[in-house]
Amino acid sequence: METGLKNRVAIVAASSQGIGRATALALAAEGAHLAMCARGAAALHETAEEVRRLYGVEVYTDTFDVSQDDRVRNFADAVHRHYGRIDVCVTNAGGPPAKSFAETTMEEWDRAYQLNLRSTVSFAHAVLPHMQQQHWGRLIAITSIAVKQPVLELVLSNSVRVGVLGLVRSLATQYGPDNITINNVAPGYTATARVKDLAEAGARASGRSVQEYESQMTADIPMRRLALPEEVADAVVWLASERASYVTGQTIVVDGGAYRGL
Ligand code: NAD
């Protein structure tokens, strides 16, 4: 399948590990030049070096917390100065802590909003004007199956991420005339560091061992296994590609069938 991504410029946020890292590698495999960010310099530079070595594309990096909107804006502007364009922007961040509602503090609610909703708004603000000028763009938000089906002990994620859906749907309507598609990829349980944290929290909350909890996680998934980060990345690549040119405002759930709704 010809994706049309060769020599496109793609921002991938929070891309030193996990789903973000797999997405960066998958876009680079299609020949896209990258701009990557994360908080920790060592892991980010290691991933960026791997991308360059494997695919020979250009990689621009910066280290910052995506909840700092001034840093997001400066990053996007620097990427545009560096490459002269921004074609694709994949928004991503860590997930909020797994806790029962009673355990959550108001500070954690504020932080979850900043991390998962406000950071998406910041990236959208920063990249959409550039995409409008080009009359071409792809904004893809990484959220969670929690936007379709609440996950036990993830009340922060279940609540805050739904706002991203509202944003995606609103922006898809507004920016369609600019030939910019705006979509959301919602992973189910995916084999990354994050899922280990979730299994530990779930085990604590349910009084089971981590191993028992992990077995239950996969037993509830029709495909009987976790997603690989690369499988989530493939959905992002498709949405970023020319092959998805008429798909906008949608949520693509990549969850092995775990979401039971119609
Ligand atoms: P991960 O913990 O493996 O990786 C998270 C990445 O985000 C890392 O590169 C980290 O450095 C970066 N990061 C975290 N907080 C950041 C911040 N404030 N600013 C900049 N970078 C930051 O997680 P993952 O499994 O790849 O998950 C990615 C997203 O997908 C998260 O929001 C997660 O909640 C969501 N998600 C994950 C799963 C799963 O099972 N793994 C399921 C559904 C949704």
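Whatever order the structure lists them in is the order used to number ligands and atoms, beginning at 1. Note: hydrogens, waters and symmetry copies are ignored here, and every other heavy atom, side chains too, is used. Owing to the predicted nature of the structure, the values given are computational and were not obtained by experimental measurement.
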Using a 3.5 Å distance criterion without hydrogens, assess whether the side chain of [X] forms a donor-acceptor pair with backbone atoms of [Y].
| X | Y | answer |
| --- | --- | --- |
| Asp178 | His135 | no |
| Arg39 | Phe64 | no |
| Tyr83 | Leu34 | yes |
| Arg71 | Asp65 | no |
| Glu200 | Val210 | no |
| Glu108 | Met106 | no |
| Arg161 | Asn116 | no |
| Arg243 | Glu2 | yes |

Show your reasoning for whether side chain to side chain donor-acceptor pair (under 3.5 Å) applies to Asp110 and Gln114.
CA-CA 6 Å; Asp110 288 345; Gln114 286 170 7; over 6 Å; no

Nearest neighbour in protein (non-hydrogen) for [atom]:
| atom | answer |
| --- | --- |
| atom 25 (O) of ligand 1 | Thr192 OG1, 2.4 Å |
| atom 43 (C) of ligand 1 | Pro187 O, 3.2 Å |
| atom 27 (O) of ligand 1 | Ile19 CD1, 4.0 Å |
| atom 39 (C) of ligand 1 | Thr190 N, 3.5 Å |
| atom 23 (O) of ligand 1 | Arg194 CB, 3.5 Å |
| atom 17 (C) of ligand 1 | Arg39 CD, 3.5 Å |
| atom 32 (O) of ligand 1 | Ala93 O, 2.7 Å |
| atom 38 (C) of ligand 1 | Gly188 O, 4.0 Å |

For Arg8, is there an ion pair with Glu242 - N to carboxylate O distance below 4.0 angstrom?
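A salt bridge links Glu242 with Arg8.
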
Could you tell me whether Glu153 and Arg204 have a side-chain N and a carboxylate O separated by less than 4.0 Å?
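No salt bridge links Glu153 with Arg204.
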
Just to be sure I read this right, does ligand 1 sit under 4.0 Å from the backbone of [X], its side chain, both, or neither, counting only heavy atoms?
| X | value |
| --- | --- |
| Ser16 | both |
| Leu226 | neither |
| Arg111 | side chain |
| Asp197 | neither |

Identify, by atom number and element, the atoms of ligand 1 in contact range of [X], meaning under 4.0 Å from any of its heavy atoms.
| X | answer |
| --- | --- |
| Phe64 | 19 (N), 20 (C) |
| Gly95 | 31 (C), 32 (O), 34 (O) |
| Val195 | 40 (O) |
| Asp65 | 17 (C), 18 (N), 19 (N) |
| Tyr189 | 40 (O) |
| Ala14 | 6 (C), 7 (O), 9 (O), 12 (C), 13 (N), 21 (N), 22 (C) |

Nearest non-hydrogen contact with [atom] belongs to which option: [options]?
| atom | options | value |
| --- | --- | --- |
| atom 36 (N) of ligand 1 | Ile142, Asn92, Thr143 | Thr143 |
| atom 19 (N) of ligand 1 | Val12, Val66, Val254, Ile145 | Val66 |
| atom 13 (N) of ligand 1 | Ala227, Ala13, Ala22, Gly94 | Gly94 |
| atom 5 (C) of ligand 1 | Met36, Arg161, Gln17, Gln68 | Gln17 |

Between Arg111 and Ser67, is there a side-chain donor-acceptor contact under 3.5 Å, judged purely by atom types and distance?
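Indeed, the side chains of Ser67 and Arg111 share at least one donor-acceptor pair under 3.5 Å.
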
What do you reckon, does [X] put a non-hydrogen atom under 4.0 Å from ligand 1?
| X | result |
| --- | --- |
| Ser67 | no |
| Gly40 | no |
| Cys37 | no |

Polar proximity ligand 1 side, Leu198 side, N/O cut 3.5 Å exclusive:
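No: no nitrogen or oxygen of Leu198 is under 3.5 Å from one in ligand 1.
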
Whether over 12 other heavy atoms sit under 6.0 Å from His82 NE2
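Yes - once you tally the heavy atoms of other residues, nucleotides and ligands closer than 6.0 Å, there are more than 12.
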
Mind checking whether Ile19 and Val236 have side chains closer than 4.5 Å, heavy atoms only?
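Contact flag for Ile19/Val236 side chains = no.
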
Side chains of Asn92 and Val12 in contact at under 4.5 Å (non-hydrogen atoms):
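Answer no - side chains too far apart.
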
